[in-house]
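Down below is the structure, laid out as C-alpha cells.
Here, residue 1 is the first one in the sequence, and each next residue gets the next number.
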Amino acid sequence: MIRDFTFIDDISESLFRIIKKTATPDKYFDTNNPNPFKSCAPHRIFNIGNSKPISLMSYINAIEDCLGKKAKKEFLPLQLGDVPSTSSYCSELDSWIGFKPKTTVFEWFEQFVKWYINLYTI
C-alpha cells in the first residue's frame, strides 16, 4: 500500500496562508467544462498534502528505525473501503498561496517519535 503523509506543520502553514487570502470567483469559469479547483462562487477547494507518496512498509520501517524496535506486523488483505494508493495534488494550492507542503515523512519522524514518547512516558 502507498500513502501520502503530510507533516502537521506543513498543514498548519497552508491553512494559515489560506485564511489570510480572500477567495474570489473565477470570472472565466466554464460550467460546460468545469475546473474542480475553481468556481463561479467565491470559494476554493485545495488538496493539502506532501505529494510524495511512500509505501506503508517504508513508513513502518522508518518508525522502527526511530524507536530502535521492530513492529509486530500482521498482514491482512485489503479491507472494505481501502485503496491501494493515495497521493495529493497541490499545484493549485501552491499557485494560490505560494506554498506547498514539502517536509518528507522521514524528516519529521524523529520529531514525532520524541513527542510521542515524551507524551506517553510518565
Lys52 versus Asp4, closest heavy-atom pair with distance: N-OD1, 3.4 Å
Enter the distance from Asn50:CG to Lys100:NZ here, rounded to the nearest 0.5 Å. 10.0 Å
Sorted by chain and residue number, the salt bridge (Lys or Arg N to Asp or Glu O under 4.0 Å) partners of Lys70 (sequence neighbours excluded) come out as Glu64
With a cut-off of 6.0 Å (strictly less than), are more than 12 heavy atoms of other residues, nucleotides or ligands near NZ of Lys73? yes
Any side-chain heavy-atom pair of Ile18 and Arg44 under 4.5 Å: no
Check the hydrophobic clustering (I, L, V, M, F, W, Y; side-chain heavy atoms under 4.5 Å; chains of links allowed) and say if Ile63 and Phe75 are grouped together. yes
Test item: Thr103 and Asp9 side chains (from C-beta on) under 4.5 Å apart, heavy atoms: no
Could you pull out the closest heavy-atom pair between Thr6 and Ile48, with the gap in Å? OG1-O, 4.2 Å
If you group Ile, Leu, Val, Met, Phe, Trp and Tyr by side-chain heavy-atom gaps below 4.5 Å, do Ile2 and Val83 land in one group? no
Same cluster (ILVMFWY, side-chain, under 4.5 Å), Leu76 and Met1: no
Between Ile8 and Ile19, is there a shared hydrophobic cluster once you connect ILVMFWY residues whose side-chain heavy atoms come closer than 4.5 Å? no
Distance col, row Leu93:CG vs Arg17:CZ, nearest 0.5 angstrom, shows 9.0 Å
Under 3.5 Å, is there a donor-acceptor pair between the Ser88 and Asn47 side chains? no
How many angstroms lie between atom CD of Glu107 and atom NZ of Lys102, to the nearest 0.5 angstrom? 10.0 Å
To the nearest 0.5 angstrom, please state how far the SG atom of Cys66 sits from the CZ atom of Phe106. 10.0 Å
Only one of Thr86, Leu56, Thr104 forms a side chain to side chain contact (heavy atoms under 4.5 Å, CB included) with Phe5, so which one is it? Leu56
Residue pair Met57 / Ile60, side-chain heavy-atom distance below 4.5 Å: yes
If you compare all heavy atoms of Phe46 against all heavy atoms of Glu92, which two are closest, and at what distance to 0.1 Å? CE2-O, 3.6 Å
Which atom names give the shortest non-hydrogen contact between Ala23 and His43, and what distance separates them? CB-CA, 3.7 Å
Does Gln79 have more than 12 heavy atoms from other residues, nucleotides or ligands lying within 6.0 Å of its CD? yes
Would you say Lys114 has more than 12 foreign heavy atoms packed within less than 6.0 Å of its NZ? no
Single hit among Tyr59, Tyr116, Trp115 for ring-ring contact (aromatic ring centres under 6.0 Å, His included) with Phe109: Tyr59
Pairs flagged by ring-ring contact (aromatic ring centres under 6.0 Å, His included) wherever residues 7-30 is involved - sequence neighbours left out: Phe7-Trp108
Min side-chain heavy-atom separation Ile11-Pro101 under 4.5 Å: no
